[in-house]
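To start, the structure under review is shown below, and the notes come after it.
The figures here come from the full heavy-atom set of this structure, side chains too, leaving out hydrogens, waters and symmetry mates.
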Amino acid sequence: MSGMMEDGSVLTRRMMLAGLLAGAAFPGWGEVMDSSPRPVPRGGKAAAAVGASAGDAAALVAAAKLGGEVAYAVADARTGTILESRQPDLPLPPASVVKAVTALYALDRLGAGHRFTTRVLATGPVQSGIVQGDIVLVGGGDPTLQTDQLGDLVARLAGSGCKGATGRFLYWDGALPVMKEIAEDQPVHVGYNAAVSGLNLNFNRVHFEWKRAGSDWQVAVDARGERFRPEVGMVSVAIARRDAPTFTYAPGLVEEWTVASAALGKDGSRWLPVRDPGRYVADVFRTLALAQGIRLEPGGRVDALPGGTELGRVESEPLTVVLRDMLRFSTNLTAECVGLAASGRHNLASSGQAMADWVQGSFGVRMAIRDHSGLGGASRVTASAMISILAQAEREGRGLKPILRDVGMKDDKGKMVERHPVKVLAKSGTLNFVSGLAGHIVPPSGRELVFAIFTADPARRDAVPVALRESPEGGKAWIGRSRRLQGQLINRWSALYL
């Protein structure tokens, strides 16, 4: 998503700007990198691929040349006995690894079958297709709602004969606290630092597309799905003839973006964040409704949920599916929505503390949790606490392991090992100069392991100016070395303990 450049490459300013602007059209990614190494077990050709990873762990850490701190622990999953560790009680930032804990918390508090709902209410009776009162779009905190689902909801309303209302079109987004962003220390344009509310759409991003037209550009801003592409009136994007900064943003009734012309090239697109998601969803709903012949007079946001009769609804997938996708794609918005829904608190700090209290009560370990996604850098966890949670959660059948992603096996040089019998079911986490991986090493038979690896150089991370945090100098190379170390350690443990 972020268009990161290889560390050490010779880049022109135009190349760097284009890299910052380039963004994939799929809005689900929550962190810059998501691939993770897999172990190589003993025996035959696979053992030869292990190479140096069966050597001294301290030498592997030294060779990684990460600076900062490296902490890890690996344990027998059944007994919880630690087999090998380095600084297991050192608190380090977990990054997106904390999403595994968020998943456990949500499963416990909300239940595996929980579904988020988005509803349309009528505050009065319907006569000849006209609601005698207001129509209210009611959010239930669904982080996965997409434009096509909203379009289908509108189509069902139109199919039932709904034509409009005598009153206003209102929306309620108070099922969750409304926040313009998850973390304050991220660049303004990065979509993975989403706004949060009880109404969310397309992971609270709009699709910005540009095409070269002579000496100028044509731009379009929409809330596109696969079948519906409604224009978005509350967000505008203008092209500014400059080299830098790549983006500027101004909040208001219309969220105004400018983009540096030097970054555009010929044609392209990316997703940009929306900072008032409730109004965004209502804007898109009204546009879709007008296209289906339903006339709605805008009335704005309501602070209290009005009573009324339900006209239609959209339900999310069951929570297990929502969480499985969250862990796979590392979607920060999903993590914050399910965490806030589970805690019922009114801000991320208190909600994170509620989850930390639950962890201590449920697993007997302490974590410092400031959000549910790991996007902020203030949370802290130890490797020993993480493996305790993983081992106990599996023994108690709490449902985490079945929804963890099989992150793939890589050999000691980082090359993928195809069709390997050992699985690594894990959650990775990445921030600038922070990398983590924790989960289960599962052989075809025999002893299963749980592990946690955290590497971090917080001082180096904090030294990066906010405007450069999407792709800091040296960041990608550092992450690459950290991930290679993770693979080497997992290979070592597979060779020694499986």
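Considering all non-hydrogen atoms of both residues, V98 and S373 come closest at CG1-C, 3.5 Å. The two residues T102 and A335 have their closest heavy-atom pair at CG2-O, 3.6 Å. Between V101 and M367, the shortest heavy-atom contact is CG2-CE, 4.1 Å. Residues S197 and D173 approach most closely at OG-CB, 3.9 Å, considering heavy atoms. Scanning all heavy atoms of the two residues, the minimum distance from I403 to G399 falls at CG1-O, 3.7 Å. Summarising the geometry of G439 relative to L390, their closest heavy-atom pair is N-CD1, 3.6 Å, with the distance given to 0.1 Å.
Remark: W172 CH2 to L199 CG distance equals 9.0 Å, nearest 0.5 Å. Atoms CG and CZ, from D152 and R227 in turn, are 4.0 Å apart once rounded to the nearest 0.5 Å. Atom CG of N432 and atom CZ of R469 lie 7.0 Å apart (nearest 0.5 Å). The distance from the CG atom of L145 to the CG atom of N200 is 8.0 Å, given to the nearest 0.5 Å. Atom OG1 of T455 sits about 8.5 Å away from atom CG of L92, to the nearest 0.5 Å. Rounding to the nearest 0.5 Å gives a distance of 9.5 Å between CG of L264 and CZ of R241.
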Fill in: Check against salt bridge (Lys or Arg N to Asp or Glu O under 4.0 Å), R324 and E317
CA-CA 11 Å; R324 182 191 65 198; E317 294 288 346; over 6 Å; no

Discussion item. Between D267 and K211, is the salt bridge (Lys or Arg N to Asp or Glu O under 4.0 Å) condition met? List the steps.
Written reply: CA-CA 4 Å; D267 301 332; K211 294 183 179 180; over 6 Å; no

Worksheet entry | Worked check of side chain to side chain contact (heavy atoms under 4.5 Å, CB included) between V274 and R205 | CA-CA 5 Å; V274 173; R205 305 172 193 188; 5.8 Å; no

Fill in: Check against side chain to side chain donor-acceptor pair (under 3.5 Å), S435 and Q486
CA-CA 9 Å; S435 180; Q486 291 165 4; 3.0 Å; yes

Fill in: Residues M234, E255; criterion side chain to side chain contact (heavy atoms under 4.5 Å, CB included); working and verdict
CA-CA 6 Å; M234 61 161 288; E255 299 186 9; 3.5 Å; yes

Item to complete: Go through F454 and V381 one step at a time and tell me if the side chain to side chain contact (heavy atoms under 4.5 Å, CB included) criterion holds.
Response: CA-CA 9 Å; F454 296 112; V381 64; 3.6 Å; yes

Worksheet item: D185 and R461: salt bridge (Lys or Arg N to Asp or Glu O under 4.0 Å), yes or no, with the steps?
Response: CA-CA 11 Å; D185 59 351; R461 177 183 184 274; 3.5 Å; yes

Worksheet item: Would R242 and T258 count as a side chain to side chain contact (heavy atoms under 4.5 Å, CB included) if you check the C-alpha gap in whole Å, the side-chain angles of each, and the deciding distance to 0.1 Å?
Response: CA-CA 10 Å; R242 63 172 187 257; T258 70; 2.8 Å; yes

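Taking a 6.0 Å sphere around CD of E310, one finds it holds more than 12 heavy atoms contributed by other residues, nucleotides or ligands. In E231, the CD atom is not crowded: 12 or fewer heavy atoms of neighbouring residues, nucleotides or ligands sit closer than 6.0 Å. The 12-atom threshold is not exceeded at CZ of R295, counting heavy atoms of other residues, nucleotides or ligands nearer than 6.0 Å.
Between W257 and Y249, the ring-plane angle classifies as tilted under the 30° and 60° cut-offs. Between F208 and W210, the angle of the ring planes lies from 30° to 60°, which puts this pair in the tilted group.
Each of R224, R229, R270 was compared with H207 under the side chain to side chain donor-acceptor pair (under 3.5 Å) criterion, and only R224 meets it.
Counting only heavy atoms from C-beta outward, the side chains of V321 and P318 approach each other to under 4.5 Å. Using a 4.5 Å cut-off on side-chain heavy atoms (C-beta onward), P273 and N193 make no contact. Residues E470 and Y192 form a side-chain contact, since some pair of their non-hydrogen atoms from C-beta on lies under 4.5 Å apart. In this structure, the side chains of L272 and V237 come closer than 4.5 Å at one or more pairs of heavy atoms. Two residues are said to be in side-chain contact when any heavy atoms from C-beta on lie closer than 4.5 Å; V219 and V259 fail this criterion. In this structure the side chain of V232 reaches within 4.5 angstrom of the side chain of Y280, judged on heavy atoms. Within the 4.5 Å cutoff, side-chain heavy atoms of F451 are placed close to those of L437. Two residues are said to be in side-chain contact when any heavy atoms from C-beta on lie closer than 4.5 Å; L150 and L201 meet this criterion.
Using modelled atom types and a 3.5 Å distance limit, the side chains of T430 and R483 yield a donor-acceptor pair. Side chains of S330 and K427: a donor on one and an acceptor on the other come within 3.5 Å. Side-chain N/O atoms of T147 and N202 include a donor and acceptor closer than 3.5 Å.
Proximity of a side-chain donor or acceptor of R168 to a complementary backbone N or O of E297 within less than 3.5 Å is not detected. Under the 3.5 Å distance criterion, the side-chain polar atoms of R279 are matched with a main-chain donor or acceptor of L253. Looking at R275, its side chain does come within 3.5 Å of a backbone N or O of K180 through a donor-acceptor pair. Judged purely by atom type and a 3.5 angstrom limit, D283 uses its side chain to pair as donor or acceptor with the backbone of G233. A donor-acceptor pair is defined here as one N or O able to donate and one able to accept, closer than 3.5 Å; such a pair exists between the side chain of N204 and the backbone of A195. With T117 contributing its side chain and E315 its backbone, the two residues share no donor-acceptor pair below 3.5 Å. Of the possible polar contacts, none joining the H440 side chain to the V442 backbone as a donor-acceptor pair under 3.5 Å is found. In terms of modelled atom types and a separation under 3.5 Å, the side chain of E69 and the main chain of A456 share no donor-acceptor contact. Not one N or O on the side chain of R109 forms a donor-acceptor pair closer than 3.5 Å with the backbone of A341. Although no hydrogens or angles enter the test, the distance criterion places no donor-acceptor pair under 3.5 Å between the side chain of W478 and the main chain of K65.
Checked against a 6.0 Å centroid threshold, the rings of Y171 and F285 do not count as neighbours.
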